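Quick notes on the structure that follows.
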There are 2 protein chains.
Amino acid sequence: MITQKDVARLAGVSVSTVSRVLNESSLVDEKTKQIVESAIKKLNYKPNLVAYGLRAKSSKLVGLILPEMNHYTYASFAQFVEGSCMEKGYSMLLGLHHNECELEKSLVDEFQRRNVDGLILCLAIDEQNLSNNLMEYISVPTVMYERTFNNNRMGGIRFDNYKAGKMAAKYLAGLNHKNIACTVGPMGMHYVQDRFFGFRDELTVQGIEIKKQNVLECDFNYRVPNFVSGEDAARAFLDGRSDRDIPTAIWAHNDNVASGVIKELHRRKIKIPEEISVMGVDNIGLTDMIYPSLTTIGQPLKNMAEKSVEMIMEEIELGEEYKADIVIMEPELIIRESTGKCRS
Amino acid sequence: MITQKDVARLAGVSVSTVSRVLNESSLVDEKTKQIVESAIKKLNYKPNLVAYGLRAKSSKLVGLILPEMNHYTYASFAQFVEGSCMEKGYSMLLGLHHNECELEKSLVDEFQRRNVDGLILCLAIDEQNLSNNLMEYISVPTVMYERTFNNNRMGGIRFDNYKAGKMAAKYLAGLNHKNIACTVGPMGMHYVQDRFFGFRDELTVQGIEIKKQNVLECDFNYRVPNFVSGEDAARAFLDGRSDRDIPTAIWAHNDNVASGVIKELHRRKIKIPEEISVMGVDNIGLTDMIYPSLTTIGQPLKNMAEKSVEMIMEEIELGEEYKADIVIMEPELIIRESTGKCRS
DNA sequence: CTGAAAGCGCTAACAC
DNA sequence: GTGTTAGCGCTTTCAG
């Protein structure tokens with residue numbers, strides 16, 4: 001390993017001069033600067049970031065903690081976070097907690113022991129369960145992703161799930177659908193609730209009532225893949241019903257579930273969207289790859305990732321002055337082929 | 001931040017004693033050990049890993065460098081690598097180079113400056129272009145993922161692409177298909193070549209000749225999504241052909257492309273697999289979510305990830321003694337709904 | 001068995 | 001302007 005010492009020796013100066021050149025603390029003679037710089041180049045010296053971090057008490061490291069990576073939204077979010085960090089001269093540590101609190105805690109610990117400058121965190125559990133527990137462990141600037149809560153100490157960023165639900169309902173109502181079904185995840189999760197309440201409220205505004213048997217809570221327990229829940233849901237909405245009772249539109253609370261719905265409809269040779277319109281939320285990569293391509297409400301993942309990193313940077317900069325804020329990002333209606341006018 | 005100093009003060013011992021307790025270098029009296037341990041607990045002291053790393057010249061950090069995260073195989077591989085690292089007490093830095101050599105180089109640089117103990121690297125470019133360039137920059141234990149090459153300095157791990165091609169061909173031939181089409185990526189990439197050569201060679205073994213117009217090189221340039229290439233390919237295999245000329249089976253060189261093929265077939269109301277069988281490679285999450293679910297040749301991503309980390313650990317341990325090895329992992333035939341017996 | 005001291009590679013006061 | 005010195009939090013000789 002080449003160190004400042006080596007450079008200093010070659011250039012015939014002291015290490016602090018080398019340091020000064022590197023940090024552009026202008027108080028260095030142009031001539032010595034040149035000499036040092038050529039020595040740096042000759043030795044191909046690169047400052048060691050561990051030592052820098054120890055001394056400067058800043059690691060230039062951001063820790064990103066997510067549930068998993070097998071899910072498009074997380075993978076994509078991670079990709080954008082990485083990009084933003086890189087751009088700002090930070091590297092990204094990635095940890096996955098698989099929705100296990102123990103793992104989550106040890107990741108937080110580990111990352112803090114690595115002096116991360118900031119943490120972007122998507123909690124394993126609902127905000128209720130956590131507040132007392134994990135919160136005290138965290139002593140670095142943190143942005144909560146997706147599961148936010150107000151503690152005016154940590155920033156948060158999330159998607160406007162309520163509005164997403166409303167947009168979906170409005171769009172389907174605008175296509176003249178009256179008999180509408182939907183899936184929901186476990187209502188314990190805020191974001192799940194929000195999506196559903198938005199959907200229901202907007203239907204009410206539109207003068208549409210959603211029948212109880214047309215709302216299906218999926219067994220969203222991480223043991224059954226989402227799309228299988230979708231297949232089950234489609235079955236529930238179709239089996240043993242008279243034609244009049246069959247919904248003309250199905251809104252799934254996420255795209256994975258929607259893909260399962262579509263799969264089951266294909267299996268039954270039901271035409272999409274001619275007979276039944278299908279819609280999701282998230283705008284994952286899959287939406288364009290299936291037939292028919294899926295109409296959905298998109299999350300602005302890139303913006304959310306960039307904003308998260310910006311918030312972290314701001315928090316790092318301001319320190320105590322920082323005032324925690326929860327940023328809620330706008331959903332976007334993305335119309336593809338899986339939805340159409342109601343024909344009955 | 002709580003440091004050893006604080007613990008030492010509280011326990012009434014020296015920092016070196018604290019360090020000894022932490023590192024279990026047994027030469028410490030049971031009684032003082034107890035005192036120190038209770039002080040540690042009381043203060044909730046956690047050793048700082050940056051300082052440890054600087055001193056020990058081991059960061060307990062593995063750097064994973066991949067092209068991107070929007071692709072299922074990479075996301076999944078990353079997930080498994082993270083899990084393996086975690087298990088072994090390592091954290092994972094993640095970097096994405098988006099197939100840009102410049103970015104790749106700066107990631108390697110950056111990670112090395114962070115004293116990563118090892119690197120798992122999926123190159124941005126084909127091995128040819130790189131050897132002179134990047135190789136010299138890398139001075140830590142490295143495992144090449146997916147794009148391997150023999151330089152007996154770095155380990156490598158990849159999927160047996162040739163065999164994957166063979167397995168696909170054998171399976172389709174076994175279903176009695178004779179008129180078979182396939183897609184290929186840019187033949188400059190070894191792994192693309194391997195898949196195709198395996199496919200072609202096995203067809204020859206089976207006494208089947210693949211017509212030139214039934215091999216379509218996709219414009220696999222990262223500007224067009226894979227699945228769009230698949231749609232284009234399907235069109236090319238179908239348009240302006242007499243019924244006799246239309247293939248009864250299409251093998252795509254990856255699952256994303258296969259999904260595009262399926263999409264286009266749906267659009268034309270062609271029954272899968274009754275009229276045309278479709279098959280892919282990789283076994284990405286999508287394969288189960290589309291209709292019909294996709295028969296494919298699976299990569300053992302979990303094994304590959306675990307093996308990569310093991311190789312890194314071995315290399316770290318053995319140092320100069322380490323003998324670089326290229327490990328080639330077995331493909332697995334996964335039969336789903338998109339393929340069936342030839343009916344013509 | 002334990003404490004004191006040196007040093008990992010770097011930066012920042014403080015002299016000169 | 002530049003060199004000297006101290007110190008970030010830790011481990012590891014070396015004495016005792």
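Quick note on labels: first sequence line is chain A, next is B, and so on, each numbered from 1. Note that the structure is predicted; figures quoted are calculated from it, not measured.
Side-chain N/O atoms of A:Glu146 and A:Tyr74 include a donor and acceptor closer than 3.5 Å. Inspection of the A:Ser84 and A:Glu306 side chains reveals no N or O donor paired with an N or O acceptor under 3.5 Å. A side-chain donor-acceptor contact under 3.5 Å links B:Arg114 and A:Ser91. No hydrogens or angles considered: a donor-acceptor pair under 3.5 Å links the side chains of A:Ser14 and A:Thr17.
One atom, CG of B:Leu43, and another, P of D:dG9, lie 14 Å apart when rounded to the nearest Å. If you take CD1 of A:Ile2 and P of C:dC8, they are 15 Å apart, rounded to a whole angstrom. Spacing between atom CD of A:Gln34 and atom P of D:dT2 amounts to 12 Å, rounded to whole angstrom units. Distance, A:Asp6 CG to C:dC10 P: 9 Å, rounded to whole Å. The distance between atom NZ of A:Lys31 and atom P of D:dT2, rounded to the nearest whole Å, is 10 Å. Between A:Asn23 atom CG and C:dT11 atom C1' the separation is 7 Å, expressed in whole Å. Rounding to whole angstrom units, CD of residue A:Glu24 and P of D:dG1 are separated by 16 Å. Between A:Asp29 atom CG and C:dC16 atom P the separation is 22 Å, expressed in whole Å.
Contact annotation: A:Thr3 side-chain N/O to C:dG9 OP1/OP2 distance is not under 4.0 Å. Look at B:Thr32 and you'll find a side-chain N or O under 4.0 angstrom from OP1 or OP2 of C:dT2.
For the helix from C:dC1-D:dG16 to C:dC16-D:dG1, the angle separating the two terminal helix axes comes to 50°, with each axis derived from five pairs and the value rounded to 10°.
Within a heavy-atom distance below 4.0 Å of DNA chain D, the residues of residues 47-58 of chain B found are B:Pro47, B:Asn48, B:Ala51, B:Tyr52, B:Arg55.
With B:Arg113 contributing its side chain and A:Pro47 its backbone, the two residues share a donor-acceptor pair below 3.5 Å. B:Ser106 places a side-chain N or O within donor-acceptor distance of the main-chain N or O of B:Glu102, the cut-off being under 3.5 Å. No side-chain donor-acceptor contact under 3.5 Å links B:Ser76 to the backbone of B:Thr73.
Test B:Leu121, B:Asp109, B:Asn99 against B:Glu104 for side chain to side chain contact (heavy atoms under 4.5 Å, CB included) and you get one pass: B:Leu121.
Minimum heavy-atom separation, B:Leu61 to B:Tyr90: N-CD2, 3.5 Å. Listed here is the closest heavy atom pair of A:Gly156 and A:Met311: O-CE, 3.5 Å.
By the 4.0 Å N-to-carboxylate-O rule, B:Asp117 lies too far from B:Lys60 to be salt-bridged with it.
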What are the atom names and distances for every N/O pair under 3.5 Å that joins the protein to nucleotides 3-5 of chain D?
residue	atom	partner	partner atom	Å
D:dG3	OP2	A:Ser14	N	3.0
D:dG3	OP2	A:Ser14	OG	3.0
D:dG3	OP2	A:Thr17	OG1	2.5
D:dG3	N7	A:Ser16	OG	3.4
D:dG3	N7	A:Arg20	NH2	2.7
D:dG3	O6	A:Arg20	NH1	3.3
D:dG3	O6	A:Arg20	NH2	3.3
D:dT4	O4	A:Ser16	OG	3.4

